[in-house]
Amino acid sequence: MSNNTNESDIEKEINKNIKSNLSSFVKSTARNLTSLIPYGDKITQLYSDFNKYSDNNEMQRLLRFFYGINHEDNPNMLIALGPEYAEMLMNFVMKDMENDKIDYYANFIISISDKDYSVSDKKSYLYILNKMTLSSIQLMRYYYISKMYDLSGYKNRESFEDAIVKKVAGFFSMNYSILMNYGLIEQPTTFYSGSVVNESLIQLSELIFDKSTLTPEYINEKEKDRYDVVIIKSTYSGCYYPGILVDQLSNKGVSVCVVDESQFEKHEVFSSVYVSTRESNKKETGKEYIDLVVEGEGKLRSVPMDLKDENIHSINKDYVSRAGFSPICKIRLTESLNTISEKIIAMLGE
């Protein structure tokens, strides 16, 4: 009995010392705010008596938060705790039951100190962060990456968004609803095939995440190889047209990749301009034509765009098929492709 009593007294003494140390640290930090922030004394007064916080976990969370922002090489970080929302922030930190969110609060304060956001926007983003679950924060990272990168293996960015549901474990619908309820993403509809990601998600992500965690590699994905122009060979291409066009573009400093149709369907390359071939509807007596189709990023859209006539260039099929052994055909093909290369250069400059 005596031993139990002694152990209980020891535990109480330990907890008392822990609480005293935590209280001293936070009070000291609050006093530092007085010299950094106008009206910082309000914060000092607000937390002048930490004995009213009986839950030691609250103080542990606040301690972890202050450690997160109080870097010696960043003495101005605490200035971000302006009196306009300092009380709101500290209450959120102390009351948030998901301890692993504390680092996101710290990142938020460090990041927002360099941003020209209004007090209202700061409060709004802080409020949203408080309402998000840890798993919804992790889901937000996927949508950020889907918006900012063209990922290998997916036709377009929206295709990766559709695949996110299979990549994130557990409670996807709930976490998706959280993002949607706070305006970070839109409700997808059958009338709109674009990205569901809003600018607010991009901004909040850049405030709370470390930059190194906002990359495709972090979620085990790979960014597509990027070129200015991708030429897609087909059975209509012939042996010489791609090489001539590549030389014309390369000589003007344009990066070019040539792939066949099966390679293109793997979605491993990305460009600003795509050149492909198809059978032409143009008919003349004794002549057949193929079309070279020049398209922008719209080629990757889920719903194809209508092509403009100026993006379709008909070339005599004899020029393509006979350029290898007929100097005249090669000259004619080169002249035709030169017009197309100029069109491509113009598109890249837009």
Side-chain angles (χ1 to χ4, degrees), residues 148-160 216 222-282 284 287-350:
M148 304 302 289
Y149 295 93
D150 294 285
L151 301 179
S152 180
Y154 303 91
K155 181 176 183 179
N156 52 34
R157 299 182 184 188
E158 291 73 42
S159 296
F160 179 71
K222 179 179 180 294
E223 191 174 9
K224 290 179 180 177
D225 295 328
R226 182 177 287 270
Y227 300 88
D228 294 324
V229 178
V230 167
I231 298 175
I232 306 163
K233 294 190 298 183
S234 71
T235 55
Y236 312 120
S237 299
C239 298
Y240 292 94
Y241 124 70
I244 294 173
L245 188 57
V246 168
D247 288 343
Q248 290 175 342
L249 293 171
S250 297
N251 289 337
K252 296 180 180 180
V254 176
S255 61
V256 186
C257 178
V258 180
V259 297
D260 60 33
E261 291 176 323
S262 62
Q263 290 173 316
F264 180 70
E265 289 301 321
K266 293 180 181 179
H267 305 302
E268 295 177 344
V269 294
F270 178 84
S271 71
S272 301
V273 176
Y274 297 86
V275 182
S276 58
T277 55
R278 69 183 187 187
E279 285 280 13
S280 177
N281 293 325
K282 182 177 180 179
E284 292 183 4
K287 296 181 180 180
E288 294 183 7
Y289 291 84
I290 64 170
D291 287 339
L292 262 67
V293 182
V294 181
E295 303 172 76
E297 295 178 16
K299 182 172 181 60
L300 302 180
R301 291 191 179 182
S302 302
V303 179
M305 298 177 64
D306 293 333
L307 291 171
K308 298 179 179 179
D309 290 341
E310 60 263 32
N311 289 346
I312 303 173
H313 305 266
S314 298
I315 299 179
N316 190 316
K317 188 178 289 187
D318 285 343
Y319 297 165
V320 176
S321 61
R322 301 174 61 187
F325 53 85
S326 171
I328 295 298
C329 287
K330 186 173 183 179
I331 291 172
R332 296 289 184 265
L333 176 60
T334 301
E335 291 172 346
S336 299
L337 292 177
N338 189 58
T339 301
I340 297 173
S341 66
E342 290 176 355
K343 168 68 175 179
I344 293 171
I345 297 294
M347 289 178 66
L348 292 172
E350 292 177 353

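Just so we're clear, the structure is a prediction, and the values are computed from it rather than from any experiment.
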Is any side-chain heavy atom of [X] less than 4.5 Å from a side-chain heavy atom of [Y]?
X: Val229; Y: Val246; result: no
X: Ile232; Y: Gln263; result: no
X: Val275; Y: Val293; result: no
X: Val254; Y: Val256; result: yes

Inset, instruction - For Asn251 and Asp247, indicate whether the former's side chain and the latter's backbone hold a donor-acceptor pair under 3.5 Å. - result: yes
Inset, instruction - Please check if the side chain of Asp260 supplies one atom and the backbone of Ser262 the other of a donor-acceptor pair under 3.5 Å. - result: yes
Just how far is it from atom [atom1] of [X] to atom [atom2] of [Y], taken to the nearest 0.5 Å?
X: Lys343; Y: Leu292; atom1: NZ; atom2: CG; value: 13.5 Å
X: Leu333; Y: Ile315; atom1: CG; atom2: CD1; value: 6.0 Å
X: Gln248; Y: Leu337; atom1: CD; atom2: CG; value: 5.5 Å
X: Asp318; Y: Cys329; atom1: CG; atom2: SG; value: 6.0 Å
X: Leu348; Y: Lys252; atom1: CG; atom2: NZ; value: 11.0 Å
X: Leu151; Y: Lys222; atom1: CG; atom2: NZ; value: 10.0 Å

Legend entry - Atom CD of Glu342 with >12 non-hydrogen neighbours under 6.0 angstrom: yes
Closest approach of [X] and [Y], non-hydrogen atoms and distance?
X: Ser152; Y: Glu268; answer: OG-CG, 3.4 Å
X: Lys282; Y: Ser314; answer: CD-CB, 3.8 Å
X: Val259; Y: Cys257; answer: CG1-SG, 3.7 Å

Inset, instruction - Give the C-alpha distance, both sets of side-chain angles, the deciding distance and a yes or no for side chain to side chain contact (heavy atoms under 4.5 Å, CB included) between Tyr154 and His267. - result: CA-CA 6 Å; Tyr154 303 91; His267 305 302; 5.6 Å; no
Legend entry - Tyr274 ring center within less than 6.0 Å of Phe264 ring center: yes
Inset, instruction - For the pair Val273 and Val294, evaluate side chain to side chain contact (heavy atoms under 4.5 Å, CB included) and give the outcome as yes or no after the intermediate values. - result: CA-CA 7 Å; Val273 176; Val294 181; 3.7 Å; yes
Inset, instruction - Give a yes or no on whether a salt bridge exists between Asp150 and Lys224, defined as a side-chain N under 4.0 angstrom from a carboxylate O. - result: no
Inset, instruction - Please determine if Lys317 forms a cation-pi arrangement with Tyr289, meaning its NZ or CZ atom is less than 6.0 Å from the six-membered ring centre and no more than 45° off the ring axis. - result: no
Legend entry - Chi angles and distances behind the side chain to side chain contact (heavy atoms under 4.5 Å, CB included) call for Leu245, Ser341: CA-CA 7 Å; Leu245 188 57; Ser341 66; 3.9 Å; yes
Inset, instruction - Check the side chains of Asp228 and Ser272 for a donor-acceptor pair under 3.5 angstrom, ignoring hydrogens and angles. - result: no
Inset, instruction - Report the C-alpha separation of Tyr227 and Val269 in whole Å, then their side-chain angles, then the decisive distance to 0.1 Å, and conclude whether the side chain to side chain contact (heavy atoms under 4.5 Å, CB included) test is met. - result: CA-CA 7 Å; Tyr227 300 88; Val269 294; 4.0 Å; yes
